[in-house]
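Below, chains carry the letters A, B, ... as their sequence lines are ordered, and counting in each starts from 1. These numbers come from a predicted model, not from an experiment.
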Amino acid sequence: MKESIKQLILDGARKAYEKGLLKSDDFPEMEIEEPRYDAQGDFSTNFAMVSASVQKMAPRKIAEAVVACMDDTQSVVEKTEIAGPGFINFFLTTAAWYPVLETIVREDDRYGSSEFGGGKKVQVEFVSANPTGPLHVGHARGAAVGDAVGKILAFAGFDVQKEYYINDSGRQIRTLGLSVWLRLCQMLGREVEFPKDCYQGDYIKDIAQELHGKMGTDLSDKEEAEGISICAKYAASVILEGIKEDLAAFGVEYDQWFSEQSLYDTNRVQKAIEDFKAKDLIYEKDGALWFRTEDFGDEKDRVVVRNNGITTYFASDIAYHMEKFDRGFDRVIDVWGADHHGYINRINASIDASGKNSDQFDVILVQLVNLLRGGQPVAMSSRSGEFVTLKDIVDEVGKDAARFLFLSRSYDSGLDFDLEVATQKTSENPVFYVQYVHARIAGIVAKAVAEGILANDAPEWAGCAAVLVEPEEIKLIKLLASFPEIVEKSAATLHPHVVFTYLMALASAFHGYYNKHKVITQDSELSRGRLFLVTAVKKVIRNGLSLLGVSAPERM
RNA sequence: GCGCCUGUAGCUCAGCUGGAUAGAGCAACGGACUUCUAAUCCGUAGGUCGCAGGUUCGAGUCCUGCCAGGCGCACCA
């Protein structure tokens with residue numbers, strides 16, 4: 001719709017130039033926007049204002065010349081107005097909007113998708129928590145954001161791969177093994193101390209118990225080092241399975257699970273270090289190996305191999321990001337908790353140093369979640385092992401409510417997540433507000449079919465729209481028409497909450513319409529037209545919710 | 001001290017990458033269920049967009065400096 005308005009203006013401007021009404025045929029980039037107020041029309045352009053300097057004319061004069069020469073062959077424009085400093089406002093005929101409904105029904109679950117991304121290969125990596133314990137609330141927000149960003153990018157025409165990076169190597173895994181081993185020893189009545197920096201949660205005891213049940217004395221008679229190693233391997237795989245299950249229950253799907261250890265097994269970390277050494281990007285100081293990240297914009301150089309010979313996490317991260325680009329992604333997106341933001345510079349530096357371009361690398365920093373219950377903060381301490389897990393949240397408030405709330409606000413802001421509100425089926429809880437639209441419409445359509453107004457729930461709609469003339473109906477269609485732009489904007493800014501905000505607006509418009517006008521009336525022609533409209537609303541609600549990973553129920 | 005994020009209605013937040021008169025929800029107040037689902041709707045009230053400068057036809061939006069809050073500044077991950 002916007003495109004055709006734009007074309008109308010450009011054609012008008014060209015004609016005005018040919019007639020000598022405009023001095024230049026250089027037409028700068030203009031905006032076509034939807035004004036806030038109905039009195040300012042359906043669309044509005046700043047063409048005259050942005051052209052003022054090129055034309056050396058007053059904006060209003062330019063606007064007059066363009067309007068005078070516009071030729072609306074499709075007769076979509078009811079009238080135009082020149083307003084304010086030189087805006088040209090377009091008022092469309094109601095009939096101009098009807099084709100939108102046909103498009104929606106025809107494209108169905110593809111409506112809103114586009115070629116915006118041009119098939120570019122994008123990787124979104126998110127959550128990537130260590131397999132040393134269950135996922136908690138912070139991970140939950142990251143999971144909701146990463147999964148939604150992936151879905152939105154895919155819908156907007158990118159070739160998306162969603163990946164989880166498993167930190168299954170290094171110190172934290174050894175600590176995990178030690179934790180399980182010590183719990184095992186305690187179970188067997190051995191006198192051992194359980195250090196503070198070991199994992200405290202009860203799940204460690206469960207795993208020890210489980211492993212003992214499986215291996216018995218085969219395990220407990222082992223030397224300590226071997227025992228710890230067995231425990232580490234077992235615990236990590238059990239916990240990872242749990243993470244996978246919890247994410248699946250949260251509706252999060254991955255295309256790939258990538259193991260950090262595999263970077264070592266295939267010598268990629270060693271090779272990266274050797275390559276950088278050869279390029280003099282790595283030097284030795286105080287017995288450690290340092291990467292010259294400062295030369296690439298980081299505040300200081302960073303250690304990749306400690307003086308005890310053990311590589312740092314950063315070392316494998318360098319190899320990992322190199323590996324990502326080697327896989328041919330045009331764009332690499334990492335979703336991180338805001339507390340990791342200090343890490344961005346060094347990753348950027350390492351990417352530039354490795355000959356890739358850090359412009360193709362984006363980090364989505366998700367701000368922290370404040371977990372509340374009835375307005376009171378819920379104590380979160382991973383040290384004592386007492387925290388609310390992702391599983392707890394899914395069990396308590398459900399996947400839909402949780403995901404919707406996590407995506408309701410920009411991830412640039414901290415989020416208060418109140419378990420009590422999320423459980424309540426009240427108007428404070430937005431997920432029901434939107435899902436209710438879908439269920440309501442399903443009910444209406446079912447009734448229409450039952451009463452014989454519709455032959456089935458996917459009838460032929462051709463020509464039905466002509467009866468739609470109420471302002472609330474046109475408002476709804478306009479909203480539906482803007483959905484593809486919303487998806488595009490959400491993809492361009494990597495902000496899923498844009499879709500949330502849109503769904504709330506659409507739901508509000510529908511509920512208002514529903515309360516004011518009956519869909520099924522005595523007039524069967526009118527009824528069919530309105531059923532056409534609400535069917536389109538239902539599809540767009542479903543498509544939007546699906547981008548956020550939220551279900552669209554047929555009844556509630 | 002340095003860096004990232006935030007500051008808009010009493011509360012929680014939108015605000016279309018510079019547009020015209022500032023937008024929702026909640027809370028408050030007043031209304032609407034014999035109806036296609038009231039998990040809904042309609043109305044009233046509520047603002048010095050943290051403060052001060054700057055950029056231009058035009059700033060909540062961009063720049064600079066302050067102020068306040070959150071989070072980071074390891075040979076941890």
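Judged by atom type and distance alone, Ser44(A) reaches the base of A20(B) through a side-chain donor-acceptor pair under 3.5 Å. Remark: the Asn89(A) side chain and the A20(B) base include a donor-acceptor N/O pair separated by less than 3.5 Å. In the interface, the side chain of His340(A) is not paired with the base of G72(B) through any donor and acceptor atom under 3.5 Å apart.
Across the strands present, A28(B) finds its partner in U44(B); the criterion is a Watson-Crick or G-U wobble pair with both atom distances under 3.5 angstrom.
For the pair Arg306(A) and A74(B), the criterion of a side-chain N or O lying under 4.0 Å from OP1 or OP2 is not met. The side chain of Arg409(A) places no N or O atom within less than 4.0 Å of a non-bridging phosphate oxygen (OP1 or OP2) of C5(B). The phosphate of A77(B) has neither OP1 nor OP2 within less than 4.0 Å of any side-chain N or O from Tyr165(A). Phosphate proximity of G15(B) to His497(A): present, with a side-chain N or O under 4.0 Å from OP1 or OP2. Contact between the side-chain N/O atoms of Tyr513(A) and the OP1/OP2 oxygens of C41(B) is not found at any separation under 4.0 Å.
Between the side chain of Asp301(A) and the backbone N or O of Glu294(A), at least one donor-acceptor pair lies under 3.5 Å.
Residue ring and base: Phe87(A) counts as stacked with A20(B) (centre distance below 5.5 Å, interplanar angle below 30°). In this pair, Tyr37(A) lays its aromatic ring flat on the base of U21(B), centres within 5.5 Å and planes under 30 degrees apart.
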